[in-house]
2 protein chains.
Amino acid sequence: MSNEEKDREDLPKCRVGGKDPSGSEARPRNWLVPVILLSLRDWNSYGYELMERSTRFGFDAMNPGTLYRTLRQMEKDGIVESSWETSRGGPARRMYSITDAGMTYLDFWAKSLEQYQRTMDTFFRMYTGQPLPSDENEENEKESGEGNSR
Amino acid sequence: MSNEEKDREDLPKCRVGGKDPSGSEARPRNWLVPVILLSLRDWNSYGYELMERSTRFGFDAMNPGTLYRTLRQMEKDGIVESSWETSRGGPARRMYSITDAGMTYLDFWAKSLEQYQRTMDTFFRMYTGQPLPSDENEENEKESGEGNSR
DNA sequence: GTATATAGGTGTAAACTGCACATAGATATG
DNA sequence: CATATCTATGTGCAGTTTACACCTATATAC
């Protein structure tokens with residue numbers, strides 16, 4: 001048995017977050033939306049192709065149901081547009097393109113993700129043991145002093 | 001009217017992701033769990049205090065319901081322990097401490113978040129217009145070539 | 001004719017979260 | 001004493017998101 005497998009078996013089976021934070025847990029809700037918008041900003045595309053492309057953005061095994069449903073919802077919201085492409089062998093494709101509102105929405109997502117990245121940086125600074133740089137020590141240690149330190 | 005306010009009104013009211021990705025949207029599900037575990041790793045604490053501390057990790061206005069419920073669930077999962085602290089003026093506090101399983105779980109979350117950070121880096125590299133460095137151009141442009149470029 | 005790859009989709013249950021609301025001890029104030 | 005406030009912990013419910021299973025249809029290969 002490899003070490004990684006052993007680690008996994010020691011991991012508590014937590015109901016919070018399903019089982020473990022790997023895979024789907026450690027990414028924001030609707031992460032699929034900015035990923036799709038970003039893909040469509042460069043090239044128009046369709047569901048089946050977007051499924052493969054999103055694999056590069058943390059979706060190890062994208063499930064079709066969620067993707068197609070998200071695309072239809074995004075069209076209702078006006079951030080993407082679609083039209084059938086039938087001039088081709090094989091099943092018809094619903095080709096999607098991003099709208100102006102979609103571009104605006106993508107920019108907004110980018111700003112939010114930047115903010116979240118900074119928050120995660122704070123998390124990792126604290127995780128690796130360094131004190132918070134923005135924390136000016138306004139008596140916090142004393143207030144929380146009833147706990148033992150490890 | 002300020003520019004920021006104007007931007008906000010131009011934003012499409014998207015059903016995907018509630019309204020907009022600001023605030024709660026741009027962070028993973030159960031983000032509260034690693035935040036609590038990290039806080040408890042340094043000092044034992046209780047719900048009311050943890051509520052204030054989590055404000056520093058992207059929760060602008062933490063709602064008590066979610067926090068207390070999460071803490072109870074985490075205890076059921078065995079990643080934290082609690083005991084009543086009554087030797088004090090004021091209402092009793094349920095003091096929490098992290099368990100060994102909780103430490104393991106925190107490490108696991110950290111690994112997942114690191115992974116996700118790398119994914120977000122990929123997102124931002126693509127967003128700002130640079131090509132993916134891991135992308136060795138295996139005919140991808142031609143395969144996706146039916147879309148127009150912007 | 002039947003298997004396979006491509007392409008798009010629905011139904012449902014579980015999980016997560018925000019919001020409103022409920023409870024209760026201690027202390028301060030008129 | 002009445003009651004207001006701060007501290008502290010919770011429950012109920014409804015809305016959103018998502019994973020999983022399942023279904024349909026077209027074209028091509030064998």
Side-chain angles (χ1 to χ4, degrees), chain A residues 13-36 45-54 58-77 82-96 143 146, chain B residues 13-33 35 45-54 58-77 82-96 143 146:
Chain A
K13 303 290 176 300
C14 293
R15 286 277 130 242
V16 257
K19 314 142 272 288
D20 62 65
S22 66
S24 63
E25 303 310 327
R27 55 180 189 237
R29 302 174 212 71
N30 302 300
W31 172 232
L32 196 50
V33 173
V35 164
I36 290 171
S45 188
Y46 55 97
Y48 198 83
E49 190 186 45
L50 287 165
M51 221 161 71
E52 294 165 15
R53 303 192 119 260
S54 23
F59 298 98
D60 26 287
M62 191 61 215
N63 63 320
T66 305
L67 178 71
Y68 288 118
R69 191 143 34 202
T70 301
L71 281 167
R72 303 306 294 274
Q73 188 58 53
M74 286 169 74
E75 185 163 24
K76 272 187 200 151
D77 294 339
S82 78
S83 59
W84 285 104
E85 190 194 72
T86 49
S87 60
R88 223 195 81 267
R93 293 171 174 173
R94 191 188 279 273
M95 287 296 292
Y96 284 93
E143 274 182 34
E146 49 263 272
Chain B
K13 304 290 177 301
C14 293
R15 286 277 129 244
V16 256
K19 314 144 272 293
D20 62 64
S22 66
S24 63
E25 302 310 324
R27 53 178 191 238
R29 301 173 215 70
N30 302 302
W31 172 233
L32 196 52
V33 173
V35 165
S45 188
Y46 55 98
Y48 198 83
E49 190 186 44
L50 287 167
M51 222 160 69
E52 295 165 15
R53 303 193 120 259
S54 19
F59 299 97
D60 24 287
M62 191 60 217
N63 65 322
T66 306
L67 178 71
Y68 287 117
R69 193 150 27 204
T70 302
L71 281 167
R72 302 307 293 275
Q73 187 57 54
M74 286 170 73
E75 184 164 25
K76 272 187 200 154
D77 292 338
S82 78
S83 59
W84 286 104
E85 189 195 72
T86 48
S87 59
R88 221 193 85 265
R93 294 170 174 173
R94 190 187 280 274
M95 288 296 292
Y96 284 93
E143 274 181 31
E146 50 263 272

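Letters go in sequence order (proteins before strands), and every chain restarts at 1. Every heavy atom of this structure was used, including side-chain atoms; hydrogens, water molecules and symmetry mates were not.
- Atom C1' of nucleotide C/dC19 and atom OH of B/Tyr68 are separated by 16 Å, given to the nearest angstrom.
- As rounded to whole Å, 16 Å separates atom P of D/dT16 from atom CZ of B/Arg29.
- Between A/Glu52 atom CD and C/dG8 atom P the separation is 11 Å, expressed in whole Å.
- Distances shorter than 4.0 Å separate none of the side-chain N or O atoms of B/Tyr48 from OP1 or OP2 on D/dT9.
- Two residues are said to be in side-chain contact when any heavy atoms from C-beta on lie closer than 4.5 Å; B/Leu50 and B/Tyr46 fail this criterion.
- Between the side chain of B/Glu75 and the backbone N or O of B/Ser82, at least one donor-acceptor pair lies under 3.5 Å.
- Looking only at side-chain heavy atoms (C-beta outward), A/Met62 and A/Leu32 come within less than 4.5 Å of each other.
- As rounded to whole Å, 10 Å separates atom C1' of C/dG8 from atom CE of A/Met51.
- Across the protein-nucleic acid pair, B/Met95 atom CE and D/dA8 atom P stand 11 Å apart, rounded to whole Å.
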For nucleotides 21-30 of chain D, read 5' to 3', which letter fits each nucleotide if B means a protein heavy atom sits under 4.0 Å from the base, S means only the sugar-phosphate is that close, and - means neither?
-----BS---
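- Rounded to an integer number of Å, the gap from CZ of B/Phe59 to C1' of C/dG18 is 12 Å.
- Shortest non-hydrogen contact noted between A/Arg94 and A/Trp84 is NH2-CZ2, 3.4 Å.
- Summarising the geometry of A/Leu71 relative to A/Ile36, their closest heavy-atom pair is CD2-CG2, 3.8 Å, with the distance given to 0.1 Å.
- Side-chain contact between A/Arg27 and A/Phe59 is present, with at least one heavy-atom pair separated by less than 4.5 Å.
- Residues satisfying the side chain to side chain contact (heavy atoms under 4.5 Å, CB included) criterion with B/Ser83, sequence neighbours excluded, are absent altogether.
- Side-chain nitrogen and oxygen atoms of A/Asn30 include none within less than 4.0 Å of the OP1 or OP2 phosphate oxygen of D/dT16.
- Going from atom CZ of B/Arg94 over to atom P of D/dG10 covers 4 Å, rounded to whole Å.
- For C/dG9, one of the phosphate oxygens OP1 or OP2 lies less than 4.0 angstrom from a side-chain nitrogen or oxygen of A/Arg72.
- Per the geometry, CH2 belonging to A/Trp84 stands 17 Å off P belonging to C/dT6, to the nearest Å.
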